[in-house]
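A short worksheet on the structure shown next.
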Amino acid sequence: MNSAPHPTLPIEFDFEALPTEAVDLSPEIIDRAVELSTQINHPERQWQTYLNALALYGFEQWLDSRAADFTINWQECSLLQPAAANAIEAVANLKVNDFNLCLIATGSLTDEEVTLPRAIVDLPEFVPHFYVLVEVQEELEIATVRAFLTYEQLSEQRESVNLVAEEDWTYQVPLTWFASDPDRLLLYLECLEASAIPLPVIPSVSEAGRDSVSRVMQLARMRSDLQALLPQLHSPERQLWQILTWEQGTAVLTSPELLEWLYQLQQQPRETETTASVGNHLSDILQLLTQRAVNVGCWLSEQMDDLARELSWVLLPSSSFASAFALRLRTPEEEFKAIVTQLRQAGVEIPPEARGAYRDLRLAGMPLRLYAVTWSLLSESVPEWTLLLVLGATPGTNLPASTQLRISDRTGILVEQGVNEQQRDSYFYTSVIGTWDEKFIVTVSLRSGIEQTLPPFSFNPEQG
Amino acid sequence: MGVASRYWKLVRIDAAGNRKIEEIAPAKAFFLASFPELTAQNELPDASIQRQLWQWMREAAEDVRPLAKRCLQCYISSQIEQACQQLAAQFGIEHGFTYKDLLPFVLDDDGRRPRSNPTPPNSSSYKSLLNEILDSFDPEQSTLATWATRRVKHHKELNAFLLECGVYLVSDWAILNDTTSKQLQRIFSEFHRLTPHEIEQARELLESYHAIYRAQRLQQRQAGKKGQCLPPTPEQLQQIIQHLSTRTNKRLSPTTAIAQLQTIASRLRQYRIHVRSGTLPTESIDAPASGTSPDRNPFLEFSDRQDATDEQSEFLSHYRQQFLICLDRVLAQVIQAQVTKFKRKNPQKAEKFLTALELFHCRGQSMTEIAPIVNLQAQFQVSRLLNLKAFRADIRQQLLVELRDRVLDQAKAYTDPERLQFLSQQIEEALDEQISKLMQAAATEASTATITKHQITSSLFARRLCRHLDTRRKQP
């Protein structure tokens, strides 16, 4: 490459006047933007996240500088959730008044093509009413809202020129499609009804017709593929599009749980091997997301849902939880009553209104019995529930030394509890607490790698 | 005298900071004797003259060297002056500086220290820009004019001064930071038509630059460092080279690496100018959005429009009587909102805003005249303070809201973006009719930068605005 044999332009073409409508980015804003960017491990995405954050705060400043009052809702804004920011290079789901906005940060270059991540065009979860271009001049510490485009216009234009997504899951859209009149955007934000710009709907179970498949069904179908492929993204330099098909990508991008898992994976130092627990957790998440759950909440009113019945759960009578002397008889009820008494003696609080059930399992030919006990906790501001699990051998036998119980929720593995080697009992227990909308997934395993994951547990006492 | 005199006339700044042109007699005699056949021509072959002088400066006899050097210094000094004149011609009036304000940054008293920088910590290492340009000049790479202009353009102190005046040059390093390798590949292949090999080399280097420079920029930001992106330090350059060689097995020398990065940046800059000159508004943004003739009344013209727009025209004619009441309310609202927002950050700014608003709209003073009164340096700062285009857009918009709230069944009118846009345009035109004279005067002032007073308009908009400002002032 030779040094510039091309003519240099006259000096006055290079200098520019600061735009009158530019907003200043204060040191506080820059600090916050840097902080957001440092949460992203991938160097290329880190810089874009920094620009996106400057665009977001600059846009907020701009709205604030104008006469009308706008209500900004940051709650679902993708940029403020590292897991989402890690996967989508735009500021999606910024709510202003009744509108959903997506900000696209452009830097010092000025390109006649705008890069739109495919997610904000093709996935209803992220599609906005307005795409807004914010030009960020990082070194000058200013941002300028340049132009916008409605989803409707984008769709029409896209259809008319038959624009297709690129291999790297982006659309290259001409700058000329955008209206370079930010004042008109303000007009729309303040005066227009959100319904004026129809948005695509998220395929849900009830909407899923012949052509569309609900997100859960989609995920269920590609569960084993994802289980195999996603761990390859351990190196943050690997991009989703390099590993997955768009259909698989859709499943990942629309699942906050999987995005979170991926983010955690990519935050780990590059040198560390992907541990078994990371893979286990992925498998647990995929099952939590795709499988029907046993509603233990209805046990409290002595009911059992269909799934529990299918899985041969047997409800334990309320007398099992009353204070009583331990009996030597060994029906499951009586055995459990004895366990409850022992647990209480050991300091575990099991309220009288708790209810439980048991089912028998076979693991590597070994007969096991799992008791599940639940009760609700209403003392906290958000109602919670407890799931207490007791794993026992069938009467008269001891548990194999390597028996383990693993409980996960969508955020990770919560407990991995094994038999106490010193005082090997005929049972051991563990418990977890969650809010009513949280589910748990339980796996029983032996050291040999043989394991069985049970369908998830959920808690919804109102739904019989 | 023809252009040849540039080789023996030295432009300099004297101790009092005044520009002086000094004829260097020995240089003149030397030049005329060396290029007797050329001095009569109108168009000098500068490139070959400079190459010859440059060679003499380095290799000729002891007595010739300083004379050749002097000729080149003279030429550079005039080139520096020209660059400053160009900048001043384009931005000076609107941004409040003359080319004489720029000269002290880039010229000095004949190779000695510039006036603006009286005591550098290490004065022995000081080198005037003139000599810096001459020492780094390579006739194989570019002409002296290009090279000198380039160095002036990237002069740190000059840039800092211009930025204070609201004129900036985006740095090479900022452009490189904000360009992805995908953009680079597309621009180099489609715009510059480079070969795949050249593109690949540029992409690899850009990626290594990103890996080092961006990360350190973020770290510097974290440490609270401000300001423009500076050229990579020798350490950074080493790291970039190291990064590149780990990834590609190519090892560049620091000089090659920096030159190649600058070449990439200058190619991106050319593309940038191409795009910006095509897509961004070149006229002053204070210019009126639509060219409505001043003697036309949109309110009365509604009936002339075609049937399809009857409904819309009804919208405004219905509210004609309401218009005045609404306008008053909206003026009060928008001004109050702005004042409150300014006050939150800086109470003085709110005062400045009100004063500037009154001087501009009610006293007919130009922004240039207003600047010193509200303690600002130049017109562009007043223009940013008043932000007339946004002010007008806000008023238009609030008028729409006000009018909507007055009759409920019209609310449904706002479920169609095109229709809403149409109504907004109607109000825009109605407002334009009232304030077009004012806005045109402002626009003329902003774009042609004449410093004359603009006409005090007696438009409805101005009258109402001034009345409101008057009432405000009388309030305790």
Side-chain angles (χ1 to χ4, degrees), chain A residues 1-4 6 8-21 27 30-31 34 37-38 43-44 46-48 50-51 64-69 106-113 115 136-141 150 168 175-176 180 183-184 186-188 190-193 195-197, chain B residues 83 86-87 90-91 95 141 146 149-150 153 166-171 174-175 177-179 183 198 201-202 210-211 214-215 218 221-222 228-229 259-260 263 266 268 272-273 275-276 279 285 333-334 337-338 341 380 383-384 387 390 393-394 397-398 400-401 404 414-417 420-421 424:
Chain A
M1 199 167 55
N2 292 321
S3 295
H6 39 78
T8 308
L9 288 140
I11 192 163
E12 62 266 29
F13 282 113
D14 282 349
F15 282 87
E16 289 164 70
L18 283 178
T20 316
E21 63 277 31
I30 291 172
D31 277 353
V34 172
S37 74
T38 53
E44 193 85 18
Q46 186 175 57
W47 187 261
Q48 188 59 47
Y50 175 51
L51 295 184
D64 187 53
S65 73
R66 303 301 296 265
D69 285 319
T106 62
S108 312
L109 175 69
T110 316
D111 196 345
E112 52 192 349
E113 286 187 15
T115 302
V136 176
Q137 302 267 30
E138 192 268 341
E139 67 172 350
L140 298 170
E141 295 155 15
T150 67
D168 65 351
L175 186 59
T176 50
S180 52
D183 287 334
R184 181 137 53 98
L186 286 185
L187 174 74
Y188 288 163
E190 199 185 5
C191 299
L192 199 65
E193 300 285 330
S195 61
I197 303 168
Chain B
Q86 280 175 349
L87 279 170
Q90 196 187 355
F91 299 106
H95 293 264
Q141 298 286 342
T146 307
T149 306
R150 186 185 158 79
K153 215 160 71 179
V167 175
Y168 71 94
L169 172 79
V170 56
S171 74
I175 292 179
N177 277 344
D178 293 348
T179 304
Q183 284 173 314
E198 287 173 311
Q201 271 192 316
H210 280 170
R214 277 175 169 181
L218 282 172
R221 282 296 199 186
Q222 221 162 6
Q228 285 199 273
C229 297
Q260 290 193 359
T263 305
S266 99
L268 292 171
R272 178 180 192 273
I273 291 166
V275 177
R276 287 178 90 86
T279 59
I285 63 121
Q333 266 172 26
V334 169
Q338 197 58 265
K341 277 164 185 171
F380 91 98
S383 159
R384 274 192 90 179
N387 207 350
D394 282 349
Q397 200 160 315
Q398 295 309 308
L400 262 181
V401 176
R404 175 189 63 185
Y414 299 119
T415 54
D416 175 358
L420 178 60
Q421 171 61 12
S424 169

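Quick note on labels: first sequence line is chain A, next is B, and so on, each numbered from 1.
- For Q338(B), the part sitting under 4.5 Å from any heavy atom of chain A is the side chain, from C-beta outward, and nothing else.
- Ion pairing of R276(B) with E112(A) is absent here, as no side-chain N (NZ or NE/NH1/NH2) approaches a carboxylate O to less than 4.0 Å.
- With a 4.5 angstrom heavy-atom cutoff, L187(A) touches chain B via backbone and side-chain atoms both.
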Q: List the steps and the verdict of side chain to side chain contact (heavy atoms under 4.5 Å, CB included) for T38(A) and Q222(B).
A: CA-CA 10 Å; T38(A) 53; Q222(B) 221 162 6; 3.9 Å; yes
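- In this structure, chain B has no heavy atom under 4.5 Å from any part of T150(A).
- The shortest non-hydrogen separation linking K341(B) to A68(A) is NZ-O, 4.0 Å.
- In terms of heavy-atom pairs under 4.5 angstrom with chain A, the leader among L268(B), V334(B), L218(B) is L218(B).
- Only the side chain of I30(A) has a heavy atom closer than 4.5 Å to any heavy atom of chain B.
- Comment: E21(A) does not engage R384(B) in a salt bridge, judged by the lack of any side-chain N to carboxylate O separation of less than 4.0 angstrom.
- With D178(B) contributing its side chain and S108(A) its backbone, the two residues share a donor-acceptor pair below 3.5 Å.
- Between the side chain of E138(A) and the backbone N or O of A174(B) there is no donor-acceptor pair closer than 3.5 Å.
- Contact annotation for L186(A): both backbone and side-chain heavy atoms come within less than 4.5 Å of a heavy atom of chain B.
- At least one donor-acceptor pair under 3.5 Å links the side chain of D394(B) to the backbone N or O of A67(A).
- Inter-residue side-chain proximity for E190(A) and Q398(B) is flagged as met; some heavy-atom pair is nearer than 4.5 Å.
- Of the N and O atoms on the side chains of Y168(B) and Q137(A), at least one donor lies less than 3.5 Å from an acceptor on the other residue.
- Across V34(A), L109(A), V136(A), D183(A), the residue that shares the most heavy-atom pairs under 4.5 angstrom with chain B is L109(A).
- With rounding to the nearest 0.5 angstrom, the NE2 atom of H95(B) is 12.0 Å from the CZ atom of F15(A).
- Within the 4.5 angstrom heavy-atom criterion, only side-chain atoms of D168(A), from C-beta onward, approach chain B.
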Q) Would F380(B) and T20(A) satisfy side chain to side chain contact (heavy atoms under 4.5 Å, CB included), going step by step from the backbone distance to the final call? A) CA-CA 8 Å; F380(B) 91 98; T20(A) 316; over 6 Å; no
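- There is no contact between A211(B) and chain A, counting heavy-atom distances below 4.5 Å.
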Q: Could you give me the CA-CA distance, side-chain angles and deciding distance for E113(A) and Q183(B), then say whether side-chain hydrogen bond (donor to acceptor under 3.5 Å, both in side chains) is met?
A: CA-CA 9 Å; E113(A) 286 187 15; Q183(B) 284 173 314; over 6 Å; no
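- Panel note: side chain K153(B), backbone D14(A); no donor-acceptor pair is recorded below 3.5 Å.
- D31(A) touches chain B through its side chain: at least one heavy atom from C-beta onward sits under 4.5 Å away, while N, CA, C and O do not.
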Q: Take R221(B) and Y50(A), measure what side chain to side chain contact (heavy atoms under 4.5 Å, CB included) needs, and give me the verdict at the end.
A: CA-CA 11 Å; R221(B) 282 296 199 186; Y50(A) 175 51; 3.4 Å; yes
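- One N or O on the side chain of E139(A) and one on the backbone of S171(B) form a donor-acceptor pair closer than 3.5 Å.
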